[in-house]
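Letters go in sequence order (proteins before strands), and every chain restarts at 1.
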Amino acid sequence: MIKLYNTLTRQKEEFKPGEPNKVRMYVCGPTTYNCIHLGNARPLVVFDTVRRYLKYKGYDVLYIQNFTDIDDKIIKRANEENIDARALAEKYISEYFKDADALNVKRADHYPKVSEHIDDIIAAIKKLIDKDYAYVIDGDVYFNVRKYEDYGKLSGRSLDEMKSGARVQIDERKKDPLDFALWKSSKPGEPSWDSPWGKGRPGWHIECSVMSTKYLGETFDIHGGGADLIFPHHENEIAQAEACTDCQFARYWMHNGFITVNKEKMSKSLGNFFLVREILQKFSGDTVRFYLLSTHYRSPLDFDNEKLAMNEKSLQRIKNTFALLEQTLNKKPVAGNGDSGNRILKSVDQLVADFESAMDDDFNTALALAAVFEFCKEMNITINDESFRPDKDTLQALEKARDTLYKLAGGILGIIFKAEDTAASDDLVSELVQILIEVRQNARKNKDWTTADTIRDRLKECGIILEDSPQGTRWKKS
RNA sequence: GGCGACGUAGCCAAGUGGCUAAGGCAGAGGACUGCAAAUCCUUUAUUCGACGGUUCGAAUCCGUCCGUCGCCUCCA
């Protein structure tokens with residue numbers, strides 16, 4: 001049973017999708033006017049992991065992420081660079097995929113764009129006007145928050161509370177200061193579309209209500225995004241969608257915490273942001289991903305290079321064990337010496353049980369990683385034991401151990417394992433390294449340390465690492 | 001001003017009423033090794049921001065205070 005924290009109810013709830021074995025989820029994607037920073041990357045990785053886990057648990061997951069490719073910021077940026085707004089948006093969509101791929105984020109099932117759903121949006125706005133939830137002023141259309149009774153239910157505040165502390169600029173034309181634009185009339189030279197209210201473009205919030213319900217149905221299961229979207233973006237999405245359809249919008253709302261720098265929120269306005277591609281120059285994609293998953297998704301996560309470096313080493317520990325399993329599996333079975341196979345199978349069962357119970361509890365990736373570390377330790381102890389003599393059964397158990405680690409840490413958490421490390425996929429390299437190992441063994445027998453060390457050093461320069469163990473010399477690619 | 005979150009070892013981080021407070025990184029000592037790498041063992045919080053309270057029992061519940069941060073405006 002999966003439990004997840006629902007922002008709507010402010011508590012952990014058992015997850016029950018509307019249709020058994022099928023999950024429909026929507027995650028707010030970026031406004032494509034520049035490259036994404038680490039704060040933008042967190043929801044990508046978090047919800048990608050949620051999706052992978054749901055799939056692992058047997059759900060058929062339909063996963064939608066939008067691109068906001070029409071927006072004031074895009075227009076502004078395009079004017080600065082003196083290029084077409086659409087071209088700018090397209091450029092950053094392709095840049096987005098480069099970063100997402102580097103973080104091992106799987107592709108969504110659809111990436112709807114605002115620019116391709118103008119008709120749907122206009123139809124929804126019409127409907128809201130007809131139902132008296134919206135009104136037209138001078139070519140703009142506003143949503144009337146007072147008409148929607150439940151306004152504020154997601155962010156936990158009432159309209160009157162918000163009014164008292166309002167920092168909102170009062171627009172005297174609006175019926176309530178918190179009324180927000182569904183349609184904005186365009187100024188000359190701005191990208192625009194024809195509508196019953198004149199030339200203009202959609203407001204920010206309506207796109208998500210329209211596109212999510214178009215692809216997922218009027219009621220769907222999970223809606224995700226960063227915690228800063230709770231108000232007003234998601235609050236407004238709910239108001240529009242439920243006013244329009246008279247159905248519940250999303251059942252479960254999930255929000256990730258912020259990335260901070262020196263404990264302050266990483267944001268474009270503060271200027272304290274680090275682009276994903278900048279970080280990727282120093283650290284691998286799966287190190288960044290591992291770091292993002294080292295803390296529970298709802299907690300704040302502070303960024304600095306030392307923390308990345310720390311996580312890089314932690315991750316290496318898991319990869320070392322995976323390599324050790326691979327190296328051992330490449331050996332031929334020998335006469336067995338007992339029940340190390342059973343011990344291994346027991347560890348595998350323990351890993352699966354602990355991993356699932358951690359992830360079932362609101363996707364506790366930090367705890368799931370602890371289970372992976374304990375498993376790695378068990379494998380290291382077993383394989384490095386002096387009396388370890390893998391027989392056929394033991395090798396079979398080891399194969400299951402490797403496959404399980406690959407499936408959980410790789411397939412769900414997204415760690416990249418080089419499955420071909422020492423596998424026979426490259427027979428020639430394998431043979432050549434084997435020859436060098438034998439030559440070096442002879443040198444070592446003769447205490448010719450210069451030759452032995454030269455072989456080891458030169459191979460290291462080629463990306464091949466030799467490790468001497470009581471059971472012979474192992475090798476792996478670095 | 002309104003609403004909310006957080007404060008666990010040198011660092012990162014689980015744990016939200018009950019065995020000796022997970023796990024990782026770093027440090028110290030040891031084992032293995034010709035050296036190295038990897039690995040293993042031991043060690044590192046009598047204590048969970050502070051002070052009170054509830055309880056047989058609290059890091060975990062309640063209160064007060066201190067500190068940090070967030071949302072209320074574009075933001076993942």
Side-chain angles (χ1 to χ4, degrees), chain A residues 10 27-31 36-47 71-73 152 155-158 160-169 178 204 224-233 235 255-260 262-270 273 290-291 294-296 298-302 304 306-318 320-321 323-324 327 354 358 361 364-377 379-386 443-444 447-449 452-453 456-457 460 465-470 473-476 478:
Chain A
R10 266 153 287 242
V27 175
C28 286
T31 302
I36 60 168
H37 67 241
L38 188 64
N40 302 312
R42 192 175 190 189
L44 300 187
V45 168
V46 162
F47 292 109
D71 173 88
D72 294 357
K73 290 188 290 280
S155 53
R157 43 190 122 198
S158 71
D160 297 315
E161 271 171 12
M162 286 187 271
K163 210 170 181 183
S164 63
R167 294 195 262 157
V168 197
Q169 276 190 346
L178 288 159
W204 175 36
D228 47 1
L229 296 182
I230 295 172
F231 190 90
H233 185 55
E235 195 72 73
H255 293 97
N256 61 274
F258 300 126
I259 302 288
T260 60
N262 296 321
K263 306 292 180 188
E264 280 189 321
K265 181 185 172 186
M266 182 184 289
S267 73
K268 285 167 188 163
S269 47
L270 283 172
F273 60 87
F290 182 91
Y291 154 78
S294 67
T295 299
H296 186 88
R298 282 189 281 116
S299 302
L301 176 55
D302 202 58
D304 64 53
E306 286 70 36
K307 293 187 178 92
L308 260 304
M310 214 164 82
N311 279 284
E312 186 173 47
K313 293 201 168 179
S314 298
L315 174 59
Q316 193 57 49
R317 185 175 167 80
I318 297 172
N320 283 342
T321 296
L324 179 64
Q327 291 160 350
D354 290 347
D361 186 9
N364 193 334
T365 50
L367 197 54
L369 279 170
V372 172
F373 280 115
E374 299 208 56
F375 173 76
C376 287
K377 183 167 216 163
M379 291 304 106
N380 291 336
I381 291 172
T382 306
I383 295 173
N384 285 320
D385 191 279
E386 279 181 30
R444 291 178 74 205
K447 296 197 191 300
D448 179 1
W449 310 127
D453 291 350
R456 189 171 63 195
D457 292 345
K460 193 176 178 187
I465 292 171
L466 298 189
E467 295 177 349
D468 298 324
S469 82
T473 299
R474 298 187 292 247
W475 70 278
K476 65 181 178 188
S478 60

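Look at A/Lys476 and you won't find any side-chain N or O under 4.0 angstrom from OP1 or OP2 of B/rA37. In terms of phosphate contacts, A/Arg317 brings a side-chain nitrogen or oxygen within less than 4.0 Å of OP1 or OP2 of B/rC40. An OP1 or OP2 oxygen of B/rC40 is reached within less than 4.0 angstrom by a side-chain nitrogen or oxygen of A/Asn380. In terms of phosphate contacts, A/Lys263 brings no side-chain nitrogen or oxygen within less than 4.0 Å of OP1 or OP2 of B/rC6. Residue A/Thr295 places at least one side-chain N or O under 4.0 Å from the OP1 or OP2 atom of B/rA13. OP1 or OP2 of B/rA26 lies within a sub-4.0 Å distance of a side-chain N or O belonging to A/Lys313.
Between A/Asp453 and A/Arg456 there is a salt bridge, since at least one side-chain N of the basic residue sits less than 4.0 Å from a carboxylate O of the acidic one. With salt bridges taken as basic N to acidic carboxylate O contacts below 4.0 Å, none links A/Asp468 and A/Arg474.
Summary of the strand contacts: A/Pro30 and A/Trp449 both lie near RNA chain B, and taking for each the nucleotide with the nearest heavy atom, the more 5' one is attributed to A/Trp449. Heavy-atom nearest nucleotides on RNA chain B were determined for A/Asp228 and for A/Lys377, and the one closer to the 5' end corresponds to A/Lys377.
In this structure, CZ of A/Arg10 is placed 9 Å from C1' of B/rG4, rounded to the nearest angstrom. When the C1' atom of B/rG4 is taken as reference, atom CZ of A/Arg298 falls 13 Å away, rounded to whole Å. Here the C1' atom of nucleotide B/rA14 and the CG atom of A/Leu301 are 14 Å apart, to the nearest Å.
Listed for the A/Asp354 side chain is no donor-acceptor partner under 3.5 Å among the backbone atoms of A/Ala371.
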* To do: Starting from the C-alpha separation in whole Å, work towards a yes-or-no answer on side chain to side chain donor-acceptor pair (under 3.5 Å) for A/Asp71 and A/Thr31.
  => CA-CA 7 Å; A/Asp71 173 88; A/Thr31 302; 4.8 Å; no
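Among the protein residues, A/Asn40 comes within range of the nucleic acid bases, having at least one heavy atom under 4.0 Å from a base atom. A/Leu369 comes within 4.0 angstrom of nothing in the nucleic acid, heavy atoms only.
Lacking a ring centre under 5.5 Å from that of the base six-membered ring together with a plane angle below 30°, A/Phe373 does not count as stacked on B/rG24.
For A/Asn311 and B/rG24, a side-chain-to-base donor-acceptor distance below 3.5 Å is absent, hydrogens and geometry of angles not being considered. Interface remark: the A/Asp468 side chain does form a donor-acceptor pair with the B/rC35 base, using a distance-only criterion of under 3.5 Å. Side-chain to base pairing of A/Arg456 with B/rA37: no donor and acceptor N or O lie closer than 3.5 Å to each other.
Of all the heavy atoms in A/Gln327 and A/Trp475, the pair that sits closest is NE2-O, 3.2 Å.
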